Engineer: 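Sharing a structure, written as structure tokens. Questions coming.
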Amino acid sequence: MRIAVTIFLTDETVTPTRLARELEQRGFAGLYLPEHTHIPVERTTPYPVGGELPREYGRTLDPFVALGQAAAVTERLALGTGITLVAQHDPIALAKQIATLDHLCGGRFTLGLGFGWNVEEAADHGVEWRRRRGLVRDRMALMRALWSEEPVGHQGEFGGVRPSSAFPKPVRKPRGPVVGPRTLIGGAAGPTLFAHIAEYADGWLPIGGGGLTESLPVLRSVWTDAGRDPAGLQVVPYAVHPTPGKLAHYADLGIEETVVQLPSAAEPEVLRVLDEYAVFLRPTTG
């Protein structure tokens, strides 16, 4: 099983370049970074896991800038977002950012995307909360148009783009309905999420990795009903606190990659945890 990591990189933590070098040297598969542009102080949206919102949420580095640094000092390390808040971006500019990063890192980029949880943050970006899933779907369609080999326009409910010359292109070739980099959608199991995954993604980023025994058969059914190749579905448990038993269970489910959580901390603490996680780089069997 491939073991990648995620971390809230901030102005107070280990740097992207230092972490990326250490990950590649130690044999970790990838680095995924989250996104929050800002956290409004006057906030009524509860933290999804309960309790106080951790300090690092309001100090998070821009993931694309940080991953660009990581790409420049590595050759094999996979790079990804977990997650990009697509509703909070201009899709034409975001398509350019993604394609540029993917081009410069030689196709190592994974677009992990989601719909968000912080109502106030999204509102400052002009997002109407109840319509955010449709907005993300429309913006992904617009970006696919810009990533297509031939100039293709898109006109959707939330905006459009004329047929355009837009380079560079993402490295990966189209597969089924998916155009662009490897694309995974994060979020809780449910019919709406699974429909989005089957329509325009390569798979699922289940946050925390719980409940997969029950939810995976449902997703696989939705996937095949949409005409997608059963062998093409990728499920990558995300922000996991690993144990040998948990990873063995994932392996039994056919999962090939897991993203484990690192602490948002200075270099000594992060490297200490990497040393603890090194045991999981050995093959895991059920």
Side-chain angles (χ1 to χ4, degrees), residues 32-38 62-68 71 79-116 118-119 121-187 192-205 226-228 232:
Y32 291 74
L33 299 180
E35 175 181 46
H36 283 284
T37 54
H38 66 301
D62 178 277
F64 292 100
V65 175
L67 289 171
L79 306 165
T81 53
I83 57 172
T84 296
L85 297 166
V86 172
Q88 297 181 184
H89 287 267
D90 176 294
I92 299 174
L94 181 61
K96 175 69 77 172
Q97 281 181 285
I98 289 169
T100 298
L101 177 56
D102 194 55
H103 168 74
L104 292 176
C105 74
R108 290 184 277 153
F109 180 67
T110 292
L111 173 61
L113 67 99
F115 308 104
N118 191 322
V119 177
E121 177 185 357
D124 285 348
H125 287 277
V127 176
E128 185 179 346
W129 189 249
R130 290 180 295 179
R131 304 181 73 196
R132 72 193 188 283
R133 293 178 185 271
L135 175 61
V136 169
R137 179 177 179 268
D138 193 43
R139 288 185 171 173
M140 288 299 300
L142 188 154
M143 291 196 292
R144 289 197 302 274
L146 290 171
W147 292 333
S148 296
E149 288 299 324
E150 299 298 327
V152 177
H154 170 77
Q155 185 59 54
E157 179 182 1
F158 298 92
V161 66
R162 298 172 177 84
S164 303
S165 175
F167 289 85
K169 302 295 184 185
V171 173
R172 295 188 184 221
K173 298 301 181 184
R175 54 260 175 227
V178 185
V179 178
R182 181 188 187 218
T183 301
L184 304 173
I185 304 180
T192 301
L193 179 75
F194 289 172
H196 279 264
I197 292 169
E199 180 182 353
Y200 59 83
D202 294 296
W204 183 25
L205 279 177
R228 303 293 300 272

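Only a predicted model underlies this, so the values are computations on that prediction, with no experimental measurement involved. Basis for what follows: all heavy atoms, side chains included, without hydrogens, waters or symmetry-related copies.
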Engineer: Compare all side-chain heavy atoms of Thr100 with those of Pro168 and state whether any distance is below 4.5 angstrom.
Structural biologist: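 Thr100 vs Pro168: side chains touch.
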
Engineer: Could you tell me whether the side chains of Asp124 and His38 share a donor-acceptor contact shorter than 3.5 Å?
Structural biologist: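 Side chains of Asp124 and His38: pair found under 3.5 Å.
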
Engineer: Quick check against the 3.5 Å criterion: does Trp147 have a side-chain atom that pairs as donor or acceptor with the backbone of Ala95?
Structural biologist: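 Indeed, once roles are kept as given, a pair shorter than 3.5 Å links the two residues.
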
Engineer: Are any non-hydrogen side-chain atoms of Arg131 and Glu157 less than 4.5 angstrom apart?
Structural biologist: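 A side-chain contact exists here, since the closest heavy-atom pair is under 4.5 Å.
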
Engineer: Got more than 12 heavy atoms from elsewhere within 6.0 Å of CZ, Arg133?
Structural biologist: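 Enclosed.
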
Engineer: Does Tyr200 form a side-chain contact (heavy atoms from CB on, under 4.5 Å) with Ile185? I'd like the steps, not just the answer.
Structural biologist: CA-CA 9 Å; Tyr200 59 83; Ile185 304 180; 3.6 Å; yes

Engineer: Can a donor-acceptor pair be found, under 3.5 Å and without considering hydrogens, that links the side chain of Lys169 to the backbone of Ser148?
Structural biologist: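 Yes: the side chain of Lys169 pairs with the backbone of Ser148.
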
Engineer: Can you measure from CG (Leu104) to CG (Leu79) and round to the nearest 0.5 angstrom?
Structural biologist: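 Going from the CG atom of Leu104 to the CG atom of Leu79 covers 11.0 Å.
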
Engineer: When Arg182 is tested against each of Asp202, Asp102, Thr110 for side chain to side chain donor-acceptor pair (under 3.5 Å), which residue passes?
Structural biologist: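 Going through the options one by one, the only one that passes is Thr110.
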
Engineer: Are side-chain heavy atoms of Leu113 and Met140 found at a separation under 4.5 Å?
Structural biologist: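 They are in side-chain contact.
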
Engineer: Quick one: does His154's side chain get under 4.5 Å of Asp138's, heavy atoms only?
Structural biologist: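 Yes. Closest side-chain heavy atoms under 4.5 Å.
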
Engineer: Does a side-chain heavy-atom distance below 4.5 Å link Leu111 with Thr81?
Structural biologist: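 A side-chain contact under 4.5 Å exists here.
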
Engineer: Please assess Thr84 against His89 for the test side chain to side chain donor-acceptor pair (under 3.5 Å), listing each intermediate value before the final yes or no.
Structural biologist: CA-CA 9 Å; Thr84 296; His89 287 267; 5.8 Å; no

Engineer: Can you say whether the rings of Phe109 and Phe64 are parallel (under 30°), tilted (30 to 60°) or perpendicular (over 60°)?
Structural biologist: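 Ring orientation, 0 to 90° scale: tilted.
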
Engineer: Any chance you could lay out the side-chain contact (heavy atoms from CB on, under 4.5 Å) test for Thr192 and His196, step after step, and finish with the verdict?
Structural biologist: CA-CA 6 Å; Thr192 301; His196 279 264; 3.9 Å; yes

Engineer: Got more than 12 heavy atoms from elsewhere within 6.0 Å of NE2, His103?
Structural biologist: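 For His103, atom NE2 is not crowded (no more than 12 foreign heavy atoms under 6.0 Å).
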
Engineer: What's the spacing between Leu205 CG and Leu193 CG if we round to 0.5 Å?
Structural biologist: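 Rounded to the nearest 0.5 Å, the CG-CG separation comes to 10.0 Å.
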
Engineer: Looking only at heavy atoms, what is the nearest atom pair of Pro170 and Ala99, with distance?
Structural biologist: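 For Pro170 and Ala99, the tightest heavy-atom pair comes out as CD-CB, 4.0 Å.
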
Engineer: Are any non-hydrogen side-chain atoms of Leu85 and His125 less than 4.5 angstrom apart?
Structural biologist: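 A side-chain contact is absent here, since even the closest heavy-atom pair is not under 4.5 Å.
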
Engineer: Between Arg130 (side chain) and Glu128 (backbone), is there a donor-acceptor pair under 3.5 Å?
Structural biologist: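 No; judged by distance alone, with no hydrogens or angles, the pair does not exist.
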
Engineer: Write down the atom of Arg172, the atom of Arg175, and the distance for their closest heavy-atom approach.
Structural biologist: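 Looking at all heavy atoms of both residues, the shortest contact is CB-NH1, 3.7 Å.
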
Engineer: Please find the pair of heavy atoms, one from Ile98 and one from Pro181, that lie closest to each other, and give the distance.
Structural biologist: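 Minimum heavy-atom contact is CG2-CG, 3.7 Å.
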
Engineer: Using every non-hydrogen atom in the two residues, find where Gly80 and Leu67 come nearest and quote the distance to one decimal.
Structural biologist: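 For Gly80 and Leu67, the tightest heavy-atom pair comes out as O-CD1, 3.3 Å.
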
Engineer: Whether the side chain of Arg139 engages the backbone of Ala87 through a donor-acceptor N/O pair (distance < 3.5 Å, no angle test) should be reported.
Structural biologist: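 Side chain of Arg139 to backbone of Ala87, a donor-acceptor pair under 3.5 Å: yes, one is there.
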
Engineer: Considering all heavy atoms of both residues, which atom of Val161 and which atom of Ser164 are nearest to each other, and what is their separation?
Structural biologist: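 Taking every non-hydrogen atom into account, CG2-OG, 4.0 Å.
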
Engineer: Any side-chain heavy atom of Arg228 sitting closer than 4.5 Å to one from Pro177?
Structural biologist: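 Yes - at least one pair of side-chain heavy atoms lies under 4.5 Å apart.
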
Engineer: For Ala71 and Leu101, work out which heavy atoms get closest and say how close.
Structural biologist: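 Shortest heavy-atom separation between Ala71 and Leu101 comes out as CB-CD1, 4.4 Å.
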
Engineer: Could you check if a side-chain atom of Glu35 sits within less than 4.5 angstrom of a side-chain atom of Gln88, using non-hydrogen atoms only?
Structural biologist: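 No, too far: nothing below the 4.5 Å cut-off.
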
Engineer: Under 6.0 Å from the ring centre and within 45 degrees of the ring axis: does the NZ or CZ of Arg132 meet both conditions for the six-membered ring of Trp129?
Structural biologist: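 Yes, Arg132 lies over the aromatic ring of Trp129.
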
